[in-house]
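Below: one structure, written as structure tokens.
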Amino acid sequence: MHTNADKKTTATPPVHRELDVETIRADFPILNERVNGHPLVYLDSAASSQKPRSVINALLEYYRRDNANIHRGLHTLAERATGAYEHTRTHIAKFINADEPEEIVLTRGTTEAINLLAYTWGEQNIGEGDEIVVTEMEHHANFVPWYQLAQRKGAIIRRIPITVCGHLDLSDIDTIINSRTKLVTVVHMSNVLGTINPIAEIAAKAKKHGAIVVSDGAQAAPAMPIDVKDLGVDFYAFSSHKMLGPTGVGVLYGKRHLLEAMPPFNFGGEMIQEVRFDKVTWAELPHKFEAGTPNIADVVAFDAALHYLEDLGMENIHRYERDLTAYAIERLSELPGLEIQGPRETEQRGAAVSFTDPDIHPHDISTFLDSHGIAIRAGHHCAQPLMRVLGKVATARASFYVYNDRSEVDTLVEALKDMRKYFCL
Amino acid sequence: MHTNADKKTTATPPVHRELDVETIRADFPILNERVNGHPLVYLDSAASSQKPRSVINALLEYYRRDNANIHRGLHTLAERATGAYEHTRTHIAKFINADEPEEIVLTRGTTEAINLLAYTWGEQNIGEGDEIVVTEMEHHANFVPWYQLAQRKGAIIRRIPITVCGHLDLSDIDTIINSRTKLVTVVHMSNVLGTINPIAEIAAKAKKHGAIVVSDGAQAAPAMPIDVKDLGVDFYAFSSHKMLGPTGVGVLYGKRHLLEAMPPFNFGGEMIQEVRFDKVTWAELPHKFEAGTPNIADVVAFDAALHYLEDLGMENIHRYERDLTAYAIERLSELPGLEIQGPRETEQRGAAVSFTDPDIHPHDISTFLDSHGIAIRAGHHCAQPLMRVLGKVATARASFYVYNDRSEVDTLVEALKDMRKYFCL
Amino acid sequence: MSSSLDDMYRDIILDHYRAPRGSKPLPMADIHSDGHNPSCGDDIEVNIQVEDDILKDIHVNCKGCAISVASGSMLAETVKGKTFVEVQRIAEVVKAMLKGDEVEIPDDLGDLDALKGVRQFPVRIKCALLAWVTLIEGLKHYADDPKGAKPSVSTEKED
Amino acid sequence: MSSSLDDMYRDIILDHYRAPRGSKPLPMADIHSDGHNPSCGDDIEVNIQVEDDILKDIHVNCKGCAISVASGSMLAETVKGKTFVEVQRIAEVVKAMLKGDEVEIPDDLGDLDALKGVRQFPVRIKCALLAWVTLIEGLKHYADDPKGAKPSVSTEKED
Ligand SMILES: Cc1ncc(COP(=O)(O)O)c(C=O)c1O
Ligand SMILES: Cc1ncc(COP(=O)(O)O)c(C=O)c1O
């Protein structure tokens with residue numbers, strides 16, 4: 001299998017193919033690390049994924065051959081750097097089926113993308129008494145910016161609750177989304193519950209009332225094919241670092257007419273057309289939203305991450321993760337008392353599996369597992385409102401990606417058995 | 001000379017030592033590139049510097065061994081990543097003589113640092129009729145955010161003009177800075193004129209009226225020792241990518257009591273203490289200003305850039321650049337009709353040398369030089385207000401750094417001679 | 001099993017964690033203090049019955065990780081029956097120890113030495129600190145105003 | 001000298017650049033149009049004297065790089081004496097050529113072919129376009145309102 005993605009345009013994505021995890025693992029140098037005397041078992045990809053050699057090499061190559069500031073340069077390196085930077089933008093547009101590269105704004109990550117939106121679209125369009133609909137399972141990144149906006153504007157935050165199974169409870173949706181609704185924002189896949197939400201269905205409801213639809217794709221974009229048109233969203237945000245790419249790069253997709261009507265976010269070089277002491281005009285899309293020198297090298301290297309994912313095939317990744325998650329849930333269920341959060345069935349669920357032990361705090365779970373070389377995350381996962389709804393102060397979370405396999409699930413389960421002996425006997 | 005900086009703490013900076021440019025050049029892989037059949041002569045470091053092997057390797061090593069999301073992780077990789085990330089913050093604090101790491105906010109670059117300030121301190125402290133003092137030589141990054149703030153608030157922008165020699169004209173400073181002045185912001189070194197401004201002197205004037213002092217150090221921090229206390233500034237901003245570090249990292253230094261009083265900028269993970277559906281409290285400094293997953297890898301690698309600079313010694317760098325700039329100005333002056341912008345004497349001047357030809361547009365100069373492998377920048381350098389003051393639409397700019405030498409100045413001058421033949425004969 | 005793990009979860013800590021001391025509620029407490037580390041979700045409640053200047057009885061109710069529970073349990077065991085002045089001093093010694101200062105733990109407070117292992121795990125120090133900071137806050141509050149509302153603290157502001 | 005440089009700065013372009021055509025001011029112009037690319041600092045002024053539907057005379061004043069000056073000069077040379085309809089067609093052909101479409105340049109407009117070399121330099125395309133877009137805007141404006149204020153355009157919005 002051809003996993004060392006290069007810059008050639010990818011052929012039509014392979015369909016219905018098993019991932020060859022052994023070959024994939026060989027592409028990720030960090031997986032050879034040993035931690036506390038054990039081989040690393042990295043089950044924390046929902047926090048940040050590891051990077052294949054092709055991405056690391058893309059960075060290296062950029063700094064060794066092409067590095068220069070972009071857009072205003074008339075020399076060869078500047079043209080190469082600009083070309084590579086804009087090439088990634090075009091690639092991203094294709095990756096999520098946007099109409100054109102101008103609809104892709106490059107940010108530091110999902111968090112900045114959503115803040116940009118709240119500071120620009122939000123400032124301009126949200127007024128007193130307007131309603132913003134969120135869900136109970138939002139990450140802080142897709143809650144706090146809207147909460148703050150609502151505070152400033154006297155707007156109202158309404159919440160779509162969750163069911164005991166960890167799905168969105170849409171039974172009251174026609175009251176929650178109503179004629180006062182200006183914005184509906186829903187996480188595409190929950191980083192705690194793993195739930196994949198029915199964005200298209202909710203978007204259709206929102207559209208009936210003329211509301212704008214935002215989705216936080218930080219967890220979904222790494223895991224499944226994304227088509228912003230099928231989803232029916234106006235804005236979509238995600239982060240490179242969770243999908244094999246470098247840290248420091250994120251994407252805000254927005255429909256052209258909406259981006260055009262929005263004021264800029266940050267101000268400075270690259271985003272202006274003309275500056276006088278008494279008058280300033282803005283550059284065209286997407287530059288209007290990219291003030292200053294961007295994170296050029298990492299944007300360039302993100303292209304290699306997209307190639308890697310496309311070479312595997314997003315459908316194949318999704319299927320593989322579903323299978324692995326089903327196995328993980330099955331095996332974790334063997335453990336007495338262990339409580340698994342989120343849907344049990346894997347049809348509408350991704351590979352983040354949160355759990356709690358009745359006697360052992362998630363932080364102790366994490367520390368214990370780390371002593372076995374197993375990296376999981378423990379805490380509130382930046383979703384404190386959800387934790388409160390779940391009645392937990394924290395959970396432990398194992399999350400899986402293309403380089404994880406069943407033997408690692410087994411290692412996790414065995415370690416958890418040892419753990420109960422260690423703490424409770 | 002020991003230029004391959006590593007993570008050990010640097011000994012006391014070497015004093016009064018010549019830079020060994022040949023050894024330095026060997027540390028920068030890109031300098032072996034050929035451009036249009038010629039060896040690359042990179043004279044565009046004021047736009048973005050090249051990176052030594054130690055910085056590129058730091059990135060590589062990070063992704064190969066330590067990569068994980070930071071701050072909330074209880075596993076080994078997360079602890080290593082957090083440690084390395086915070087280590088850079090501590091290093092930066094030392095590098096500019098800040099009191100403590102909490103005074104260092106990590107951003108994408110100078111532009112974001114200044115925007116952060118305008119959105120937070122500015123929103124909170126600037127009101128109608130208040131005055132903001134800038135200079136005529138500001139980069140858009142240190143003009144447009146303040147201009148926009150003033151527009152929103154009904155505040156007034158006042159300008160410190162420049163003399164014909166390209167210095168700040170301080171003759172009216174006591175009227176320009178007055179009891180209505182709330183903020184004085186001055187570029188430390190101009191990216192067009194090369195002028196190094198007397199920040200401490202201006203800061204003292206500002207302090208008499210209780211105004212806050214900001215300086216844009218994007219060009220100065222790479223070139224000379226920076227001591228924020230000696231400068232007397234409240235805030236100082238600069239970018240990693242102009243000082244041997246990766247793209248996507250910048251610094252906002254701020255005095256603790258000011259940062260503490262400021263509201264957050266972006267909202268999301270890492271920057272909150274507690275989130276309820278109806279109440280949100282902020283994390284402590286500096287996390288309050290760093291929402292979401294930061295650009296971890298590049299921050300970690302920036303440490304290697306600081307080490308590299310410290311190993312050379314900032315005083316030595318400053319002296320070397322002054323010498324090289326004097327030589328460049330002398331040689332460029334040989335060319336008939338060529339007009340050099342900015343101070344002639346190099347005592348208060350850095351290594352950015354702008355010039356214009358009476359007959360040839362800067363864009364043609366740049367394109368022509370590129371055909372000789374020489375990378376310079378041409379345009380308004382994101383300083384359109386200054387261009388208007390200079391009566392130019394654009395300039396050509398050669399800028400030098402630690403890896404440039406006199407022979408490259410000679411190559412530039414010879415090419416410029418050929419150029420006049422090409423276009424004008 | 002890695003030795004650093006065992007450094008942190010020493011037997012003595014696991015013992016306190018499994019059977020926390022001072023867990024019996026105090027119906028008539030004079031000092032009440034709450035501690036809360038939002039990022040961990042550690043929650044602690046310290047109630048003290050005072051007689052003259054002695055901490056006659058103490059109730060510690062901690063919901064959190066092994067470290068915070070054990071630290072709270074050790075606190076209950078240690079301070080019970082001691083004077084305000086003694087307790088104040090002990091609390092400051094423990095704080096200093098956890099923050100990495102080289103301090104001597106008096107022999108009669110032997111168990112507390114076990115908390116030293118936590119220092120290898122920087123993110124967990126605030127868990128060990130929580131009980132002590134909550135106690136100090138409660139004492140301070142009581143000294144200022146014996147009938148005042150109970151204070152509420154966090155150790156997440158100090159790291 | 002690299003060949004791509006010579007592709008862009010063809011002799012014919014340097015010739016137009018060194019001695020721009022249409023540089024004589026027109027005291028009695030009917031069409032006035034301004035173009036301006038702020039990021040380059042290219043500035044152009046196009047003035048045209050109309051007789052029936054013919055562009056009887058033209059004045060182009062361009063301050064900018066060799067490409068924008070040469071393009072303006074070629075424009076002046078090409079359109080002088082042609083009808084509105086012909087000029088409109090030529091301008092569209094040049095625009096298409098610069099944007100990379102494969103178009104045939106009619107033999108009688110041979111010089112314009114020299115602008116093709118600019119396509120290798122993406123950031124310079126807007127320099128070559130400026131004169132033509134300014135012309136088109138002027139013609140459009142004149143058709144809508146022969147006495148109206150003069151338009152002002154930029155080619156920096158199109159790239
Ligand atoms: C003086 C000055 N200020 C600000 C900036 C903006 O820096 P950045 O693009 O890294 O945000 C630059 C560089 O372009 C500069 O030279
Ligand atoms: C669902 C969700 N939204 C938003 C974010 C924030 O992404 P970032 O930290 O890359 O800005 C994350 C990841 O932490 C997430 O899982």
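Every value quoted in this text rests on a predicted model; they were computed, and no experiment measured them. Naming: A, B, ... by sequence-line order, numbering from 1 per chain.
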**Report entry** Largest heavy-atom contact set with chain B, pairs under 4.5 Å, which of N57(A), N142(A), V389(A), D278(A)
**Finding:** D278(A)
Query raised in the report: Is the F267(B)-Y147(A) ring centre distance short of 6.0 angstrom?
Result: no
Query raised in the report: Once you round to the nearest 0.5 Å, how far does CZ of R65(A) lie from CG of L40(B)?
Result: 12.5 Å
Query raised in the report: Taking the six-membered ring of F277(A) as reference, does the NZ or CZ atom of R159(B) fall below 6.0 Å from its centre and within a 45° cone about the axis?
Result: yes
**Report entry** Flag side-chain contact, heavy atom, 4.5 Å: L77(B) against D44(A)
**Finding:** no
Query raised in the report: chain A: which of E33(B), K51(B), H75(B) shares the most heavy-atom pairs with it under 4.5 Å?
Result: H75(B)
Report task. Search all heavy atoms of A68(B) against all heavy atoms of S48(A) and return the closest pair with its distance. Result -> C-CB, 4.4 Å
Query - Interchain contact, N32(B) with chain A, by part (heavy-atom threshold 4.5 Å) - result: neither
Query - Part of T110(B) within contact of chain A (heavy atom distance under 4.5 Å) - result: neither
Report summary line: Whatever's closer than 4.5 Å to a heavy atom in chain A on Y42(B) counts as side chain
Query - Interface residue of largest heavy-atom contact number with chain B, from C382(A), G109(A), S366(A), under 4.5 Å - result: S366(A)
Query raised in the report: Heavy atoms, side chains only, cut-off 4.5 Å: are T111(A) and T293(B) in contact?
Result: no
Requested in this report: Please look at P145(B) and chain A and tell me whether the side chain, the backbone, both or neither of the residue comes under 4.5 angstrom of a heavy atom of that chain.
Outcome: both
Requested in this report: Mark yes or no for whether Y63(A), through its side chain, and Q50(B), through its backbone, hold a donor-acceptor pair below 3.5 Å.
Outcome: no
Report summary line: So, the part of I70(B) with a heavy atom under 4.5 Å from chain A: the answer is backbone
**Report entry** Which atoms of L74(B) approach chain A - backbone, side chain, both or neither, heavy atom under 4.5 Å
**Finding:** both
Query raised in the report: Is a side-chain N or O of N67(A) found less than 3.5 angstrom from the main chain of S49(B), in a donor-acceptor match?
Result: yes
Query raised in the report: Can we say E112(B) and R108(A) salt-bridge, meaning some charged N sits less than 4.0 Å from an Asp/Glu carboxylate O?
Result: yes
Query raised in the report: chain A heavy atoms under 4.5 Å from V35(B): which part of the residue, side chain, backbone, both or neither?
Result: side chain
Query raised in the report: Just how far is it from atom CG of L59(B) to atom CG of L59(A), taken to the nearest 0.5 Å?
Result: 6.0 Å
**Report entry** Greatest number of heavy atom pairs closer than 4.5 Å to chain B - which of P246(A), G268(A), S45(A), A150(A)
**Finding:** G268(A)
Query raised in the report: Quick one: of A291(A), S239(A), A81(A), who has the most non-hydrogen atom pairs under 4.5 Å with chain B?
Result: A291(A)
Report summary line: Of the listed I157(B), I376(B), V134(B), I374(B), the one with the largest count of heavy-atom pairs under 4.5 Å with chain A is I376(B)
Requested in this report: Report the C-alpha distance between V144(A) and W282(B) in whole Å, list the side-chain angles of each, state the deciding distance to 0.1 Å, and finish with yes or no for side-chain contact (heavy atoms from CB on, under 4.5 Å).
Outcome: CA-CA 11 Å; V144(A) 188; W282(B) 314 130; 4.0 Å; yes
Query - Closest-packed option against chain A by number of heavy-atom pairs under 4.5 Å, given E79(B), H380(B), Q151(B), E270(B) - result: H380(B)
**Report entry** Heavy-atom proximity to chain A below 4.5 Å, by part of E274(B)
**Finding:** both
Report task. Please round to the nearest 0.5 Å and tell me the distance separating atom CD1 of I30(A) and atom CZ of R64(B). Result -> 11.0 Å
Query raised in the report: Quick one: of D298(A), L369(A), T367(A), who has the most non-hydrogen atom pairs under 4.5 Å with chain B?
Result: D298(A)
Query raised in the report: With chain A, which of K242(B), H363(B), Q148(B) has the greatest number of heavy-atom pairs at distances under 4.5 Å?
Result: Q148(B)
Query raised in the report: When you look at E123(A) and R152(B), which way does the salt bridge (Lys or Arg N to Asp or Glu O under 4.0 Å) test go after all the steps?
Result: CA-CA 13 Å; E123(A) 265 317 310; R152(B) 280 199 298 278; over 6 Å; no
Report task. Side chain from CB out, backbone as N, CA, C, O: work out which of these in L31(B) comes under 4.5 Å of a heavy atom of chain A, or both, or neither. Result -> neither
Query raised in the report: Considering residues at least two apart in sequence or located in another chain, which fulfil the side-chain hydrogen bond (donor to acceptor under 3.5 Å, both in side chains) criterion with T107(B)?
Result: none
Report summary line: Which of I296(A), V299(A), N69(A) passes side-chain contact (heavy atoms from CB on, under 4.5 Å) with T247(B)? It is I296(A)
Query raised in the report: Can you tell me if Q384(B) uses its side chain to pair, donor with acceptor, with the backbone of V275(A) under 3.5 Å?
Result: yes
Query raised in the report: Looking at H241(A), H139(A), E136(A), which makes the most heavy-atom pairs under 4.5 Å with chain B?
Result: H241(A)
Query raised in the report: Within the side chain of N115(A), is there an N or O that forms a donor-acceptor pair under 3.5 Å with the backbone of N266(B)?
Result: no
Report task. For each of K279(B), M387(B), M271(B), tally heavy-atom pairs with chain A at distances under 4.5 Å, and name the one with the top tally. Result -> K279(B)
Query raised in the report: For R397(B), is it the side chain, the backbone, both, or neither that has a heavy atom closer than 4.5 Å to a heavy atom of chain A?
Result: neither
